[in-house]
> 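Before I ask anything, here is the structure I am working with.
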Amino acid sequence: MPFGINETMGQYSELFMLLAAGTYTVAFIAFAWDLAKSSKALRAVDLKAAQAGTAARVPVAAGVGTGSAGTRLDGPADRAERPSSSAAKAGGAGTGGVVTADGDMKYATERRVPARVAVALTILGAVIHGAGVVTRALGAGRVPWGNMYEFLTTGAFLVAAVFLLSLIRRDLRFLGTFVVGLVIIMLVAASVAFWTPVGHLVPALQSYWLVIHVSIAVLSSALFTLTFAMSALQLVQSHRQKTVAAGGADKLGFMRLVPSALSLENLSYRINAIAFIGWTFTLMFGAIWAEKAWGRFWGWDTKEVWTFVIWVVYAGYLHARATRGWTGTRAAWLSIVGYLCVIFNFTIVNTFFNGLHSYSGL
């Protein structure tokens, strides 16, 4: 493709990225509005229940709505309680039928308007974002993850896409504010700190292994981003549950729209297990590519070392939780440490350490 056309496609890509960031920002506001509005509605349910003289408890991680005969009350002992029928009727009458995720995070039958608008805007943002990734690829004449700017913009797109696909099976809208917020941060960082014009790859990257190795790394990183958000929420929810159980004041009302700490931990563990498999293949395929490019499978390059460190941290997380009983906040912190290693590997290592993997494009 002629250079002029390449440059034009690159400009279109930047425009799409800017529009996507703007759309995500509006979606972020809508998700935050939903949390604030629904939290206020739940407090109204508390007030009505108290006025009615009931002993109903508003759930920590369950939804408040019109009530149904099929409402589940089973599950682990520390799973949040369901509201009684009187509280549910009060919620349906006075709050417009506020319904949130249950302990299994099944999609709620009644969808809140702000959340529905937020999801629609996120879908629109992801479509525009995808157009930006595709036009970047067309402008570069290759897959769009040959430098830090492209890796970050493509990774942000996959974070949004995985989040939206997850909504088909589970009600993860409570993550919307945090996931979309992370996507915005990634796009801003890509444009401000890591922007790189459309260009050709260095010879070592001109290989089909770029498609295989880096694509799996991007997808795994996107999944780790989701579990980071879940682990952070788990810590907040766990602290809140302990405070409320001890009779303290509930100062984080919006967290009542979030599933229990146990539910967050279980889902985070499953997603981390999938992402860990992907990262294992990232490490393996990277070694194979290194042998073809440099004649050795492993050379203790800084990037290789930190890729292995990430693998060790998440392997330790999975092993400790499955066999050593590391549950609750300890597991959440270990998951967060793993993601901080991913961030360090992507930013500090790529920017400040010279080595065979210095392909940041900066």
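Keep in mind that this is a model prediction, so the values were computed, not measured.
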> So Val198 and Met9, do their side chains get closer than 4.5 Å, heavy atoms only?
no

> Going by atom types only, do Trp298 and Glu291 share a side-chain donor-acceptor pair under 3.5 Å?
no

> Which heavy atom of Gly155 sits nearest a heavy atom of Val218, and at what distance?
CA-CG1, 3.6 Å

> Output the distance between atom CZ (Arg136) and atom OG1 (Thr154), rounded to the nearest 0.5 Å.
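Going from the CZ atom of Arg136 to the OG1 atom of Thr154 covers 9.0 Å.
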
> Got a donor-acceptor contact below 3.5 angstrom from the Thr135 side chain to the Ala131 backbone?
yes

> For a side-chain contact (heavy atoms from CB on, under 4.5 Å) check, start with the C-alpha distance between Phe174 and Leu264, then their side-chain angles and the critical distance, and finish with the verdict.
CA-CA 11 Å; Phe174 63 87; Leu264 289 170; 3.5 Å; yes

> If you look at every heavy atom in Ala160 and Tyr24, which pair is closest and at what distance?
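Taking Ala160 first and Tyr24 second, the nearest heavy atoms are CB-OH, 3.5 Å.
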
> Test your reading of the model: is there a side-chain donor-acceptor pair from Lys303 to the backbone of Asn345, 3.5 Å cut-off?
yes

> For Trp333, is the NZ or CZ atom of Arg330 found under 6.0 angstrom from the centre of its six-membered ring and inside 45 degrees of the ring axis?
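The answer is no, since Arg330 fails at least one limit relative to Trp333.
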
> Check this for me: Trp33, atom CH2, are more than 12 non-hydrogen atoms of other residues, nucleotides or ligands nearer than 6.0 Å?
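Atom CH2 in Trp33 is not crowded, with 12 or fewer foreign heavy atoms closer than 6.0 Å.
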
> Output the distance between atom OG1 (Thr227) and atom CG (Asn272), rounded to the nearest 0.5 Å.
3.5 Å

> Please determine whether residues Val312 and Val349 belong to a single hydrophobic cluster, defined as Ile, Leu, Val, Met, Phe, Trp and Tyr linked transitively by side-chain heavy-atom distances below 4.5 Å.
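Yes; tracing contacts between hydrophobic side chains, which count when under 4.5 Å, links both residues.
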
> Rounded to the nearest 0.5 Å, what separation is found between the CG atom of Leu257 and the CG atom of Asp171?
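Nearest 0.5 Å value for the CG-CG distance: 10.0 Å.
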
> Does the side chain of Thr225 come under 3.5 Å of the side chain of Tyr339 through a donor N or O and an acceptor N or O?
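Yes.
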
> Ile274, Phe281: one ILVMFWY side-chain cluster at the under-4.5 Å cut-off?
yes

> In the structure I gave you, are the side-chain heavy atoms of Leu182 and Val159 within less than 4.5 Å of one another anywhere?
no

> If you define the side chain from C-beta out and look only at heavy atoms, does anything of Val183 sit under 4.5 Å from Phe28?
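They are not in contact (no side-chain heavy atoms under 4.5 Å apart), so the answer is no.
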
> Testing the basics here: between Val313 and Cys341, what is the closest heavy-atom pair and its distance to 0.1 Å?
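Nearest pair, atom of Val313 first, then Cys341: CG2-SG, 4.2 Å.
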
> Answer with yes or no whether the hydrophobic clustering places Ile185 together with Phe194; edges join I, L, V, M, F, W, Y residues whose side-chain heavy atoms lie under 4.5 Å apart.
no

> Of the non-hydrogen atoms in Ala30 and Ala118, which two are nearest, and what is the gap between them?
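Of all heavy-atom pairs spanning Ala30 and Ala118, the closest is CB-CB, 3.6 Å.
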
> For a side-chain contact (heavy atoms from CB on, under 4.5 Å) check, start with the C-alpha distance between Ile128 and Met17, then their side-chain angles and the critical distance, and finish with the verdict.
CA-CA 7 Å; Ile128 299 172; Met17 295 298 179; over 6 Å; no

> Ignoring hydrogens and angles, tell me if any N or O in the side chain of His129 forms a donor-acceptor pair with the backbone of Thr153 under 3.5 Å.
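Yes, the answer is positive, given that a donor and an acceptor are paired below the 3.5 Å cut-off.
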
> Is there a donor-acceptor pair under 3.5 Å between the side chain of Glu304 and the backbone N or O of Asp301?
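Yes, because the side chain of Glu304 sits within donor-acceptor range (under 3.5 Å) of the backbone of Asp301.
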
> Taking Arg321's backbone N and O only, do any of them form a donor-acceptor pair with Thr323's side chain (distance below 3.5 Å, no angle check)?
no

> May I have the step-by-step check of salt bridge (Lys or Arg N to Asp or Glu O under 4.0 Å) for Arg270 and Glu265, ending in yes or no?
CA-CA 9 Å; Arg270 296 188 188 102; Glu265 180 184 350; over 6 Å; no

> Are any of the side-chain heavy atoms of Leu233 and Met255 separated by less than 4.5 Å?
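Yes, side chains in contact.
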
> The test is side-chain contact (heavy atoms from CB on, under 4.5 Å); show your working for Thr243 and Arg240 and say whether it passes.
CA-CA 5 Å; Thr243 301; Arg240 176 181 169 274; 5.6 Å; no

> For the residue pair Ala331 and Trp326, what are the closest heavy atoms and their distance?
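Shortest heavy-atom separation between Ala331 and Trp326 comes out as CB-O, 3.3 Å.
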
> With rounding to the nearest 0.5 Å, note down the distance linking CG in Leu158 to CG in Leu226.
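Between atom CG of Leu158 and atom CG of Leu226 there are 10.5 Å.
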
> So which heavy atom on Leu121 is nearest to which on Val26, and how close?
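For Leu121 and Val26, the tightest heavy-atom pair comes out as CD1-CG1, 3.5 Å.
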
> Could you go through Leu235 and Ile336, starting from their C-alpha distance and side-chain angles, then the distance that decides it, and tell me whether this counts as side-chain contact (heavy atoms from CB on, under 4.5 Å)?
CA-CA 10 Å; Leu235 292 176; Ile336 290 173; 3.5 Å; yes

> Do you know which of Phe224, Trp145, Phe151 makes ring-ring contact (aromatic ring centres under 6.0 Å, His included) with Phe346?
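Going through Phe224, Trp145, Phe151 one by one, the ring-ring contact (aromatic ring centres under 6.0 Å, His included) with Phe346 is satisfied by Phe151 alone.
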
> Can you find a heavy atom in the side chain of Val143 that is under 4.5 Å from one in the side chain of Ser215?
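No, every pair of side-chain atoms sits at 4.5 Å or beyond.
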
> Starting from Leu340, can I reach Leu318 by hopping between I/L/V/M/F/W/Y residues whose side chains sit under 4.5 Å apart?
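In one cluster: yes.
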
> Over 60° means perpendicular and under 30° means parallel, so classify the ring planes of Phe308 and Trp311, tilted if in between.
parallel

> Would you call the rings of Tyr269 and Tyr317 parallel, tilted or perpendicular, where under 30° means parallel and over 60° means perpendicular?
tilted

> Measure from NZ or CZ of Arg173 to the centre of the six-membered ring of Phe31, then state whether that distance is under 6.0 Å and the direction lies within 45° of the axis.
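Geometry flag: not set, cation outside 6.0 Å or 45°.
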
> Counting only N and O atoms by type, is there a donor-acceptor contact under 3.5 Å from the side chain of Gln234 to the main-chain atoms of Gly328?
yes

> Give, for atom OG of Ser191 and atom CG of Leu18, the distance between the pair rounded to the nearest 0.5 Å.
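It is 7.5 Å, given to the nearest 0.5 Å.
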
> With side chains defined as the heavy atoms from C-beta onward, is the minimum distance between Leu267 and Leu172 less than 4.5 Å?
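Counting from C-beta outward, Leu267 and Leu172 do come under 4.5 Å.
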
> Could you check if a side-chain atom of Thr329 sits within less than 4.5 angstrom of a side-chain atom of His239, using non-hydrogen atoms only?
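A side-chain contact is absent here, since even the closest heavy-atom pair is not under 4.5 Å.
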
> Does some side-chain heavy atom of Ile310 sit less than 4.5 Å from a side-chain heavy atom of Phe344?
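No - every pair of side-chain heavy atoms lies 4.5 Å or more apart.
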
> Enter the distance from Trp195:CH2 to Glu14:CD here, rounded to the nearest 0.5 Å.
5.5 Å

> Are Val211 and Phe285 connected in the hydrophobic side-chain network, where two residues link if heavy atoms are under 4.5 Å apart?
yes

